[in-house]
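Contents: one structure, followed by commentary.
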Amino acid sequence: MATFALVDCNNFYASCERLFQPRLRERPVVVLSNNDGCVIARSNEAKLLGVGMGAPMFKIRKLVAEHDIAVCSSNYALYGDISERVMTVLGASAPSHEIYSIDECFLDLDRLAVPSLTDWCRLLRERTRRWTGIPVSVGVGPTKTLAKLANRLAKKSAKAGGVLDLVHHPAWIEAALRKTPVGDVWGVGRRWTVMLEERGIHTAHEFANAPDGWVRQRMGVVGLRTVHELRGFVCHALEDQPSPKQTTCCSRTFGAAIREKSQVHDAVMSYSERVAEKVRHAGQVAGAVQLFIRTDPFAQGAPQKSLSGSATFHRPTSDTREISAAVLRIFDRIWRAGYDWRKAGVLLLDLGMPGDTPASLFDRIEAPDDGLMSAIDQINARYGRGTARLGLAQKDGEWRMRRENLSPSFTTRWTDIPSARLT
DNA sequence: TCTGGGGTCCTAGGACCC
DNA sequence: TCTGGGGTCCTAGGACCC
């Protein structure tokens with residue numbers, strides 16, 4: 001039988017914040033989204049106090065003050081670096097692994113010959129904690145979907161000790177399915193939860209026993225795969241070779257609503273620069289670009305508008321100058337005055353490797369490269385992002401995001417390295 | 001006052017072809 | 001008056017994930 005493990009970091013962002021700020025270990029912690037908008041991670045204590053996932057900050061201010069909850073702006077430089085450390089430990093421990101997200105990793109344990117898989121998982125857990133400082137939970141199942149489900153129960157149950165193996169205890173599978181609400185199944189989101197519950201399907205067990213034809217009709221092949229995985233048939237294999245991205249994007253909600261064209265222009269140019277850096281970093285080029293701007297959907301009564309436009313490159317590129325010029329043309333074409341713009345984004349589409357496919361037989365000419373982009377990238381790699389820029393936008397503006405409680409980049413910036421003093 | 005960002009996959013429908 | 005069948009490609013939108 002196939003044996004998948006899912007290793008999931010507990011309250012990952014909150015755990016990262018606590019790593020270098022021991023004072024936070026005695027307080028409930030929440031981490032906020034960009035712009036300090038809403039809650040995206042909570043320590044166990046914060047969960048117990050009733051802070052909901054995704055709760056907007058302005059709705060929990062009272063709770064924060066009452067219980068002295070520590071509030072952190074999100075610090076992705078820190079989380080990304082800690083994630084790499086965790087993945088390194090996990091990757092070195094198992095025959096093969098798939099990094100699924102910043103805080104999750106699937107392991108393929110088929111070929112692992114150990115007397116007790118549960119003991120092995122406990123050791124892995126302990127090793128990860130000692131070597132990285134991050135607590136993790138491990139779920140083991142015959143499919144990825146069941147490994148996810150096992151992981152969730154491993155986290156919830158005190159007696160599981162952070163590990164639950166359903167492969168070597170097949171009798172537990174039915175009980176696990178019965179106690180899992182259908183909405184907590186991997187692949188069943190909000191809309192499908194409502195639809196399923198309306199039809200009397202409340203648990204993973206009931207979902208697993210729904211008729212194939214019905215599931216196929218209501219939820220397509222995606223839903224059917226989930227049902228089969230719950231029954232123990234593998235539909236999602238371990239993907240240990242990460243596939244190259246097809247699109248990449250830089251989008252932000254502005255720090256405030258903006259009416260002025262020049263301000264939106266600056267935001268859009270800044271995102272163009274950033275997204276171009278991203279594709280160059282991945283060694284890719286883009287075939288097309290898309291720009292969108294939109295008003296605030298939460299502003300009731302205000303006129304709503306969402307505009308977008310796209311352009312195809314004559315020859316795939318990763319050059320900030322070509323990308324920003326194309327974005328600027330789109331921007332001038334779609335811009336409408338008189339709205340309170342709140343968010344914008346630049347997407348690069350049809351990504352590929354340079355020289356992959358010539359646009360036509362007559363278009364084999366290599367992109368002229370004057371070395372400017374790589375020079376800028378090298379300067380920024382050494383001295384920090386944004387050191388060298390193209391002067392496409394003003395440095396500051398209303399559109400810049402708020403991050404009022406940002407922790408230092410303890411592990412990725414020399415000046416932020418924590419120091420310890422012996423007294 | 002104040003509600004994130006970055007992805008993937010699938011499907012339906014239209015344009016177009018023979 | 002009469003108006004097929006089958007295929008591909010593209011795009012927009014909707015579902016999901018973290």
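In what follows, chains carry the letters A, B, and so on, assigned in the order in which the sequence lines appear, proteins first and then strands, with residues in each chain numbered from 1. Everything numeric in this text was worked out from a predicted model, so none of it was measured.
A ring-centre distance under 6.0 Å is found for W186(A) and F106(A).
In this structure, Q290(A) places its CD atom 14 Å from C1' of dC10(C), rounding to the nearest Å. Between D184(A) atom CG and dC17(C) atom P the separation is 10 Å, expressed in whole Å. Rounded to an integer number of Å, the gap from N151(A) CG to dC18(C) P is 11 Å. Atom-to-atom, CD1 of I102(A) to P of dC17(C) comes out at 19 Å; the value is rounded to the nearest Å. Between the CE atom of M195(A) and the C1' atom of dG14(C) there is a distance of 13 Å, rounded to whole Å. In this structure, CE of M219(A) is placed 14 Å from C1' of dC17(C), rounded to the nearest angstrom.
No donor-acceptor contact under 3.5 angstrom links the side chains of E239(A) and Y100(A), judged on distance only. Remark: the S74(A) side chain and the R403(A) side chain contain no N/O donor-acceptor pair separated by less than 3.5 Å. Defined by atom type and a distance below 3.5 Å, a donor-acceptor pair is missing between the side-chain atoms of T253(A) and N35(A). Between D103(A) and S101(A), the side chains place a donor N or O and an acceptor N or O closer than 3.5 Å (distance only, hydrogens not considered).
Relative to the ring axis of F292(A), K343(A) does not place its NZ or CZ within 45° and under 6.0 Å from the centre.
Looking at heavy-atom distances under 4.0 Å, V185(A) makes contact with sugar-phosphate atoms alone, never a base.
More than 12 non-hydrogen atoms from other residues, nucleotides or ligands lie less than 6.0 angstrom from CZ of R25(A).
Listed in residue order, the members of residues 142-149 of chain A having a heavy atom less than 4.0 Å from DNA chain B come to none.
Taking the six-membered ring where tryptophan is involved, the planes of W399(A) and Y271(A) are perpendicular, since the angle between them exceeds 60° and thus also 30°. Taking the six-membered ring where the residue is Trp, Y76(A) and Y13(A) present perpendicular rings, their angle passing 60° and hence far from 30°.
When both distances must be under 3.5 Å, the Watson-Crick or G-U wobble mate of dT8(B) is dA15(C).
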Letter by letter from the 5' end, nucleotides 1-9 of chain B scores (B base, S sugar-phosphate only, - none; protein heavy atoms under 4.0 Å) -BBBSSSSS

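The same atom, C1', is picked in dC17(B) and in dG4(C); the two are 14 Å apart, to the nearest Å.
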